[in-house]
Amino acid sequence: MLSSPAFADTTDYTTKVNHRPDGIGKIYMGREIAQVMGHQGAAWLERSARGLEERPQQAIDLLDLQPSDTVADIGAGTGYFAFRMAPQVKQVYAVDVQPEMLDIMAEIQSEKHIENVDRVLGANQNPNLTADTIDLALMVDAYHEFDYPKEMMQGLVTALKPGGRVALLEYKGENPLIPIKKLHKMTQRQVRHELEAVGLEFIENKQDLPQQHLLIFRKPV
């Protein structure tokens, strides 16, 4: 059992000394931020069982991608989703804050001969994307690990075109039977609480996937 937390207030975040082992002790809007899965876990992102467990192609189909879309995959990791979306859209920006992930992504991209994916080194507080250029921003099991979720989302809102969408794939925090660490899951209520706070409009939760929410938001026109 965890000890009583000791908090130190900051402007948007608080910290606690006694925190969960899968967290960093930093609290945003009542949620402890999860530890980042480092590049050492890249093989898990490319595991063969992922297709059956998470149904990623079904998730992509639910995004209603258009051939003219410019898409950003935020926290792209090995490019698993970026490379699968690329044939359906005009351009993909695969953003990650770990240079090692971008190196792994480059190797896979070379093997697949995909030309419309640009790898982007993001920062902890900014995705480093040009304003008003993105039709859809996708985050797959990544948002809960952002060190600065408010600042990162503000940067992402700036990068979206008016009416542009944000899609979050997150393991369902409401379901204790999903075998994922607690801080690496999120409830629909918490996601809405945080993303609506940066000015995004909630559109829907596509509840077709076995383990994950697919939450869709939109930047106001």
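Below, all heavy atoms of this structure are taken into account, side chains as well, without hydrogens, waters or symmetry copies.
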Heavy-atom donor-acceptor pair, Ser110 side chain to Glu107 backbone, under 3.5 Å: no

Selection residues 108-136 - residue pairs positive for salt bridge (Lys or Arg N to Asp or Glu O under 4.0 Å), sequence neighbours left out: Asp132-Lys219, Asp135-Lys161

Option from Leu63, Leu168, Val166, Leu65 for which side chain to side chain contact (heavy atoms under 4.5 Å, CB included) with Leu138 holds: Leu63

Backbone N/O of Ile178 and side chain of Lys185: donor-acceptor pair under 3.5 Å: yes

Connected via hydrophobic side-chain network under 4.5 Å: Met153 and Leu129: yes

Ring pair (Phe, Tyr, Trp, His ring centres under 6.0 Å) pairs, two or more places apart, involving residues 81-124: none

Residues forming a side-chain hydrogen bond (donor to acceptor under 3.5 Å, both in side chains) with Gln57, sequence neighbours excluded: Asp61

Pairs satisfying ring pair (Phe, Tyr, Trp, His ring centres under 6.0 Å), at least one member in residues 187-211, at least two apart: Phe202-Phe217

All salt bridge (Lys or Arg N to Asp or Glu O under 4.0 Å) counterparts of Lys172, not counting sequence neighbours: none

Gln35 side-chain N/O to Ile24 backbone N/O, donor-acceptor pair under 3.5 Å: no

Set of residues satisfying salt bridge (Lys or Arg N to Asp or Glu O under 4.0 Å) with respect to Glu196, sequence neighbours excluded: Arg192

Working for side-chain hydrogen bond (donor to acceptor under 3.5 Å, both in side chains), residues His144 and Glu170: CA-CA 8 Å; His144 61 267; Glu170 288 283 352; 2.8 Å; yes

Derivation of the side-chain contact (heavy atoms from CB on, under 4.5 Å) call for Thr78 and Ile108: CA-CA 8 Å; Thr78 59; Ile108 296 173; 4.1 Å; yes

Test item: Asn116 side-chain N/O and Ala86 main-chain N/O as donor-acceptor pair under 3.5 Å: yes

Results of side chain to side chain contact (heavy atoms under 4.5 Å, CB included) for Thr187 - residues two or more places apart only: Glu174, Arg189, Gln190

All side-chain hydrogen bond (donor to acceptor under 3.5 Å, both in side chains) counterparts of Lys26, not counting sequence neighbours: none

side-chain hydrogen bond (donor to acceptor under 3.5 Å, both in side chains) partners for Arg31, two or more places apart: Glu194

Pairwise salt bridge (Lys or Arg N to Asp or Glu O under 4.0 Å) hits with a residue in residues 66-79, at least two apart: none

Contacts of type side-chain hydrogen bond (donor to acceptor under 3.5 Å, both in side chains), residue Lys206, not counting sequence neighbours: Glu204

Test item: Glu32 side-chain N/O and Gly25 main-chain N/O as donor-acceptor pair under 3.5 Å: yes

Verdict with supporting geometry, Gln154 and Tyr148, side-chain hydrogen bond (donor to acceptor under 3.5 Å, both in side chains): CA-CA 10 Å; Gln154 287 173 332; Tyr148 293 90; over 6 Å; no

Any donor-acceptor N/O pair, Gln109 side chain to Ile114 backbone, under 3.5 Å: yes

Gln188 versus Asn205, side-chain donor and acceptor atoms under 3.5 Å: yes

Exercise: do Asp141 and Gln212 side chains pair donor with acceptor under 3.5 Å: yes

Shortest non-hydrogen contact from Met105 toward Gly77: CE-O, 3.1 Å

